[in-house]
Amino acid sequence: MGKNKEKLNIFLLHFLERLNSNEPNERKVIESLTDFCNYYDFTKGFIYQTDGFRYFLLKETIGNEDHSLKRRFEMSEMTKIHSDRMKVKNRPFYASRNDDNSLVDIDVLDFYGTDSLLVRQFEDSEGKIIGFIGFADREDTTPFTDEELQTIHLLLGSLSKEIAVREYKEREVRASNTLGSIMNNMGVDIYVNSFDSHDMLYANASMA
């Protein structure tokens, strides 16, 4: 790729320092996407994150002024060969459209509507896919080396931890909202008293 070791080391240090900083989560994600695009010559960067039910929503993006990226999609929209191709260990998916592309690579490129794509899925502690980090429309057509792809895989793994933390927090909110909805729509008054002080600790909407 022509990037010398010194520039690479500076980029890696800056990238990891940001992820370990106390900056707000959203800022760290957007600035990391931007730096990655600038260093590796991608025009677009994006994060898809699960809504906890059926969709993956486009949460953050840069360079998507033409709105070409899907606003949301379901896993069922991916073909089996597509989803299997994304499960390769220790490296992200990468392809640039040319005459040598496999049918699988073309399927993935068509899904995202781009001529070049690098994307890595990430999972929760139970192995469930909760999101995708990706980059599209690369201006440099030089293929990545295996070493570069392994480095990128580790970088995106570090970034994915930031998004996973956000997903766990949003999961708690979804669970609380679901429980509240159930309690408020049972058609009866529900309340909880403290055993010791008899203070009311909880009341559903009808009881309140």
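For this chain, numbers begin at 1 and follow the sequence in order. Only heavy atoms go into these numbers, but all of them, side chains included; no hydrogens, no water, no symmetry mates.
Every residue meeting the side chain to side chain contact (heavy atoms under 4.5 Å, CB included) condition with Arg120, not counting sequence neighbours, appears here in chain and number order: Pro92, His153, Leu156. Partners of Phe93 according to the ring pair (Phe, Tyr, Trp, His ring centres under 6.0 Å) rule, which considers only residues two or more places apart in sequence or in another chain, do not exist here. Residues passing the side chain to side chain contact (heavy atoms under 4.5 Å, CB included) test with Asn25 are Val29, Glu162, Arg166, sequence neighbours excluded. Residues passing the ring pair (Phe, Tyr, Trp, His ring centres under 6.0 Å) test with Phe111 are Phe73, His82, sequence neighbours excluded. Every residue meeting the side chain to side chain donor-acceptor pair (under 3.5 Å) condition with Thr114, not counting sequence neighbours, appears here in chain and number order: Asp137. Residues passing the side chain to side chain contact (heavy atoms under 4.5 Å, CB included) test with Glu23 are Arg18, Ser21, Arg27, Lys28, Glu31, sequence neighbours excluded. A search for side chain to side chain donor-acceptor pair (under 3.5 Å) contacts involving Asn64 returns nothing, not counting sequence neighbours. Shown here are the side chain to side chain donor-acceptor pair (under 3.5 Å) partners of Asp146, two or more places apart in sequence or in another chain: Arg91. Phe36 pairs by the ring pair (Phe, Tyr, Trp, His ring centres under 6.0 Å) definition with Tyr40, Phe135, not counting sequence neighbours.
In this structure, the side chains of Ile130 and Phe122 come closer than 4.5 Å at one or more pairs of heavy atoms. In this structure the side chain of Val165 never reaches within 4.5 angstrom of the side chain of Lys161, judged on heavy atoms. You'll find the side chain of Met75 reaches within 4.5 Å of the side chain of Phe56, heavy atoms only. Considering only heavy atoms from C-beta on, Gln49 comes within 4.5 Å of Ile163 through its side chain.
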Take Glu148 and Thr145 through the test side-chain contact (heavy atoms from CB on, under 4.5 Å) and record every step on the way to the result. CA-CA 5 Å; Glu148 286 171 330; Thr145 65; 3.2 Å; yes

Checking Glu139 against Lys44 for the salt bridge (Lys or Arg N to Asp or Glu O under 4.0 Å) test, could you report, in this order, the C-alpha distance in whole Å, the side-chain angles of both residues, the deciding distance, and whether it holds? CA-CA 10 Å; Glu139 296 176 339; Lys44 295 177 182 176; over 6 Å; no

Checking Val119 against Ile133 for the side-chain contact (heavy atoms from CB on, under 4.5 Å) test, could you report, in this order, the C-alpha distance in whole Å, the side-chain angles of both residues, the deciding distance, and whether it holds? CA-CA 6 Å; Val119 62; Ile133 304 174; over 6 Å; no

Given Ile152 and Leu118, is the side-chain contact (heavy atoms from CB on, under 4.5 Å) satisfied, shown in steps? CA-CA 10 Å; Ile152 289 170; Leu118 185 149; 3.9 Å; yes

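The ring pair (Phe, Tyr, Trp, His ring centres under 6.0 Å) pairs that include a residue from residues 13-33 are Phe11-Phe15, where partners are two or more places apart or lie in different chains. Residue pairs meeting the salt bridge (charged side-chain N to carboxylate O under 4.0 Å, His left out) criterion with at least one member in residues 105-114, sequence neighbours excluded: Arg85-Asp105, Arg97-Asp110.
In Leu103, the CG atom is not crowded: 12 or fewer heavy atoms of neighbouring residues, nucleotides or ligands sit closer than 6.0 Å. Around the CD atom of Glu74, the shell of radius 6.0 Å holds more than 12 heavy atoms that belong to other residues, nucleotides or ligands.
Taking both residues in full, the closest heavy atoms of Ser96 and Asn101 are given as O-ND2, 3.2 Å, listed atom of the first, atom of the second, then distance. When all heavy atoms are compared, the tightest approach of Leu109 to Ala95 is CD2-O, 3.7 Å. Cys37 and Gly45 make their closest contact through SG-N, 3.7 Å (heavy atoms, listed as atom of the first residue, atom of the second, distance). Annotation for Ser83 and Lys80: closest pair OG-O, 3.0 Å, computed over non-hydrogen atoms.
Through side-chain heavy atoms spaced under 4.5 Å, either directly or across other Ile, Leu, Val, Met, Phe, Trp or Tyr residues, Tyr55 is tied to Leu57.
One side chain, Tyr94 or Arg138, offers a donor N or O that lies under 3.5 Å from an acceptor on the other.
Of the inter-residue distances, the one linking Asp41 atom CG with Ser116 atom OG reads 10.5 Å to the nearest 0.5 angstrom. The OG1 atom of Thr61 lies 7.5 Å from the CD1 atom of Ile30; values are rounded to the nearest 0.5 Å. For the atom pair CG of Leu12 and OG1 of Thr151, the computed distance is 6.5 Å after rounding to the nearest 0.5 Å. Ser68 contributes atom OG, which lies 9.5 Å from atom CZ of Phe46 (distance to the nearest 0.5 angstrom). Remark: Tyr39 OH to Leu155 CG distance equals 10.0 Å, nearest 0.5 Å. Between atom CD1 of residue Ile47 and atom CG of residue Leu159 there is a gap of 5.0 Å, rounded to the nearest 0.5 Å.
The main-chain N or O of Lys70 is found under 3.5 Å from a side-chain atom of Tyr48 such that the two form a donor-acceptor pair.
In the hydrophobic clustering of this structure, Leu154 does not group with Phe42; members are Ile, Leu, Val, Met, Phe, Trp, Tyr whose side-chain heavy atoms approach within less than 4.5 Å, directly or through other members.
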